[in-house]
Amino acid sequence: MSDVLVQMTGICKSFPGVKALDNAQLTLHKGEILGLLGENGAGKSTLMNCLGGIYKQDEGTIEVDGQKVEINTVHEAQQLGIAFIHQEIALVPFLSVAENIFLGRERTTGRFVDQGKMREEAKQWLQMVGLDIDPGTPVNQLSIGIQQMVEIAKACSLNMKLMIMDEPTSSLSEREVESLFKMMRQLRDRGIGLIYISHKLSEIFTITDRVCVMRDGGYVGTIITKESEEADLVRMMVGRELTNYYTRNFLPKGDVLLKAENISGGKMVKDCSFEVHKGEIVGFYGLVGAGRSELLKSVMGLYPRSSGKVTFQGKDISKMSTLDIQKMGLCLVPENRKLEGLILKNTIAFNMSISVVHKFINALHVSRKKEEEIVNKGVSSLDVKTPSIHQVVGNLSGGNQQKVVIAKWLAAEPKLLIMDEPTRGVDVGAKAEIYKIMNDLVQQGIGIVMISSEMPETVNMCDRMYVMSEGKIRGELDKSEFTQEAILNLAMVED
Amino acid sequence: MGKKDEMKASNPFVHFFQENMGILVALAALCIFLEIMNQRFFTWSNWLTILDNVSKTGFLAIGIMLCIMLGGIDLIAGAGIACSGVLCIVCMERWHLPMIVAIIAGLLVGLIAGMLNGIIIAYSGIHPFVVTLAMQSILRGVAYLLANAQPVPLYVNEFFPRIGIDRVFGIPLPIIYLIILFFIQWLLLNKTKTGRYIYAVGGNETAARFSGINVEKIKILVWTFSGLLCAFAGVVLSAKLKSGQPSTSVGAETDAIASCVLGGTSMYGGTGRTSGMIIGVFIIGVISNGLTLMHLDVNWQYVVKGVIILVAVYSDMVRQRKSQARKE
């Protein structure tokens, strides 16, 4: 652990109106996995983008192998042996695995691309990362997990010395995460340095050797993973003690709000029945692909439904449009905020008010006052951190974006809120705040459905939970029956 | 919409200048250059000529801008003008129908074509470029068939041409229509729910769907509106020309698209302002007028417009990239 691979010192970077990095630093040794931890907006991604050649720092120096370097472009970073695995897959979907690996440096015979040669070489790199797939397969036929491995194989083929991974596990199943970690350890043992950005503390503890913590664009400290505890890291990240991570006051069960009977639809939902009461949080747990999101979307009319009956507050809503269902007070906060939740190029005000425009636009009259009232209420009750409600949403951190998404549907004054992975890609501080908001809502008599793949939050926040696998509800558990074993047993049921 | 982070300026004029600074400077520079080259440029009658000539492009741009804002495009304009104009004249001249019926028939042809575009785009998933290109060909064909492939002059009705050439307080009627239609589009985008929904669907269709917006309805509405405006342009043009010309207005959509893009409507969808589009329409008009005043071959205008479209789209792309980079 003696050889320093990368040394970044005094890095500053400003964007119009924001100082994203203020005297940040980072040291990475050869053959280690360094966790990079911080709340959203702490500057992790910006710092890594400076190293990967996507941004150029305003001040500060970067040394690779003891040599001071200037990294202006992604290409220059690659030549230094720096590979960047982004959160989103960056492969060309219709090209084959081999073509993707050698994209831009195709192997040729004479003037023509030699597919055979490329596939042969690709096969070797794939084997190195433990993948046994045909290099001729188009990438879009592979699962996300496999695609990520292909990206790593591609990075390996580029002679990398250092690999940056930005939240690589956010869309992987548990099994895929495990094989990814195995791969990472192999790379480390080969002397490669890895920087691992993640929000998941459990992952940080499993995989990293040291952890570098950032806050507000600056450097907080670096600790050795084995010698520290979760509470230390959380304190470093948020700068304060986090008591009451989960806020939850349980209430007696209220009236039935939503009743779904024998819902089937598409390939993912098979004969599901459930009900939700006032004042309770009902969890839907399952492994990725169990059909939880699809089931709740089909209730809302956002996913095809072939049969079944849905009643909300005693009324049959099976045939109603999504908009009418929303107006009745049944809303869904979608899973993927960038894709399904927000219009990134528009402002906070626009996004928060779009599902309730009927409240302030009437007969060619826009009541700006009413609009701002609605938006300001949302911003203050959810504590969205922004200089102005006319800020473009795309410029906010992940946690704040998530709050805007929640506020958007709260503006519709829901009686039942379906929240699909409400804390995905959100830092611990914002997570605790979201749990508190959920608890407050339930206190007000709202019912909440929480779809989550994170066992701890499901167990701590829910009154009851339904466990799904392969599109079917496999069981219903009450708070007293929540054990990891019981839940997983149901989640693993196969036909 | 407020691209910038600051609070919206309270004064609408200040706001207008802030948002359109770039192209306003371009327009002003162009005008000053033309005035220096030719002293007849800044005359009342020349400006009326410019506006009269540009009214067709304006009608089209109003509809096409909304299609572009949804991340799509509408290419039927030139053919739509020909088809509705010919139908309108044929109704009076050959079928001896009353003028009002002829006008309604002319408008209806655009409305139906636009609605078909919208329905196909909304429900089939075929790209708007392909759908409207096909519709363009169909409409052009129908125009030639109706007219037996030659211009149809109008003799039977003395009043009809007046809706294209009469003046009110010295201002040609098409200019007045244009001002009214600009205002209607501004109202639609800024004062109605539908306007908000157009921005939302164009910005992120999936998110709009999750927000409960009827995406299909918005698409059908926008393409129908655009088709109707083509037809309106066709009726006004046939009145001006006192005839139905099946071969007229080839490529009229190019000018309209150029106006929108110049005016800051992003081809990626989700952004666009009426004020910008109006200035864009002016720039296109002033360029054609300037070339005529300078006694240059009018066909140069096609070359100039082509270059302008490329520059405008490129600068839009650079803008998009910058805002993308800031999101990291």
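From a predicted model like this one, the values you see are computed outputs, not experimental measurements.
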* For the atom pair CZ (Arg196(B)) and NE2 (His358(A)), what is the distance rounded to the nearest 0.5 Å? -> 12.5 Å

* Structure fact -> Rounded to the nearest 0.5 Å, the CG atom of Leu323(A) sits from the NZ atom of Lys217(B) at a distance of 8.5 Å

* **Heavy-atom pair count under 4.5 Å with chain B, highest-scoring of Ile361(A), Val333(A), Thr322(A)** => Ile361(A)

* Does the side chain of Asn190(B) reach to within under 4.5 Å of the side chain of Val366(A), using non-hydrogen atoms? -> no

* Under the criterion side-chain contact (heavy atoms from CB on, under 4.5 Å), which of Lys408(A), Met300(A), Gln326(A), Lys297(A) is the partner of Phe210(B)? -> Lys297(A)

* To do: Quick one: do Leu342(A) and Asn204(B) satisfy side-chain contact (heavy atoms from CB on, under 4.5 Å)? Show the steps, please.
  => CA-CA 7 Å; Leu342(A) 295 170; Asn204(B) 184 345; 5.8 Å; no

* Could you tell me which of Leu302(A), Asn362(A), Ile343(A), Val356(A) has the largest number of non-hydrogen atom pairs under 4.5 Å with chain B? => Ile343(A)

* To do: Measure across Val357(A) and Lys193(B) and return the closest heavy-atom pair with its distance rounded to 0.1 Å.
  => CG2-CG, 3.7 Å

* Asked: Top residue by heavy-atom pair count (under 4.5 Å) with chain A, among Ala200(B), Ala208(B), Ala207(B)?
  -> Ala207(B)

* Check each atom of Ser321(A) against the heavy atoms of chain B and say whether the ones under 4.5 Å are side chain, backbone, both or neither. => neither

* **Atom pair OG1 (Thr206(B)) and CG (Leu339(A)), whose distance is rounded to the nearest 0.5 Å** => 4.5 Å

